[in-house]
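First listed ligand is number 1; within each ligand, the first listed atom is number 1.
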Amino acid sequence: MATIGIFDSGSGGLSVYRELVKLLPSERYVYFSDNAHCPYGEKTPAYIQDRARFITDFLLGKGADIIVVACNTATAAAIATLRSEYPEIPFIGMEPAVKPAALGTRSGVIGVLATAGTLKGSKYLDTRGRYASGVKVVEHVGQGFVELVENGILDGPEAESTVRASVTPLLEKGADILVLGCTHYPFLLPVIQKVAGEGVRIIDPAPAVARHTVRVLQSHTIPMDEGPFSIELHSSGPSDSLHRIFALI
Ligand code: DGL
């Protein structure tokens, strides 16, 4: 049985956990929500690197064999640092799904929703340069999305107007595919779909990240599937938001 450590600035990483557990239902999971320091979106890379080190030490103390950085912003700011400082530990990062979006667009315009930290990061800029050179990429920060999810507001008028403010500019520029580049955003997917309309495809990268995790576990010959399944939920701040989102998945 593998012990899989997962972390995010808050509850968003549970959108990755819910895909992992479909493929790996018999492992031990340890989830850490850094909600006392959420959101990460506007924090400096140095700040996020410090948090990522602290959380990595915590998860290793819990016996993690592998760590899933279930946060695009933390991946952008800290995964290179983590890989160089903990060379023996496999780290899985998030990658905005620019490649499938670029392959799938019919309008030739793809929209990326992410935090400011992710959109500024070299990882995203490299991915965009590599896979989206033939299409137009339009970007927008999901302003207020993380706060909605952390407060458990996943539908209703407030969620809809917040989502509309960030999604409409992408639609107006012709995007027919929206990439969710922040792990909190999939919890708002029904609202995003409603605002965008049925003709717009929305891509959550979490299933691809879960498949990649299985491949990395195999390549490190970390035993899987022996069970029993378990999950521990930890947070640096109050735990009610984490438990509320966990109950929904
Ligand atoms: N869930 C996050 C991400 O994937 C972080 C959002 C934030 O804390 O700003 O980027």
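Contact atoms of ligand 1 toward P39: 7 (C), 8 (O), 9 (O) (distance under 4.0 Å to a heavy atom of the residue). In the vicinity of D8, heavy-atom distances shorter than 4.0 Å reach the ligand 1 atoms 1 (N), 2 (C), 5 (C). Ligand-side atoms of ligand 1 in range of G41: 7 (C), 8 (O), 9 (O), range being under 4.0 angstrom from any heavy atom. For ligand 1, the atoms sitting less than 4.0 Å from at least one non-hydrogen atom of T115 are 6 (C), 9 (O), 10 (O), numbered in the order shown with element in parentheses.
The part of S9 lying near ligand 1 is the side chain, judged by heavy-atom distances below 4.0 Å. When non-hydrogen atoms are compared, ligand 1 lies under 4.0 Å from the backbone of T73 as well as from its side chain.
At least one donor-acceptor pair under 3.5 Å links the side chain of S166 to the backbone N or O of Q143. Distance alone, capped at 3.5 Å, places no donor-acceptor pair between the E27 side chain and the I231 backbone.
Applying the salt bridge (charged side-chain N to carboxylate O under 4.0 Å, His left out) test to pairs two or more places apart or on separate chains, those with a residue in residues 30-50 are D34-R51, D50-R53.
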Acceptor/donor pairs from residues 242-249 side chains to any protein atom, 3.5 angstrom cut, sequence neighbours excluded:
| from | atom 1 | to | atom 2 | distance (Å) |
| --- | --- | --- | --- | --- |
| H243 | ND1 | S239 | O | 3.0 |
| R244 | NH2 | E150 | O | 3.1 |

**Message:** With side-chain contact (heavy atoms from CB on, under 4.5 Å) as the criterion, how do S235 and F32 come out once you've worked through the C-alpha distance, each side chain's angles and the decisive distance to 0.1 Å?
**Reply:** CA-CA 5 Å; S235 55; F32 189 95; over 6 Å; no
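Between R28 and E232 there is a salt bridge, since a side-chain N of the basic residue sits under 4.0 Å from a carboxylate O of the acidic one.
Residue N72 places at least one N or O, backbone or side chain, under 3.5 Å from an N or O of ligand 1.
Nearest non-hydrogen protein atom to atom 7 (C) of ligand 1 is Y40 N, 3.3 Å.
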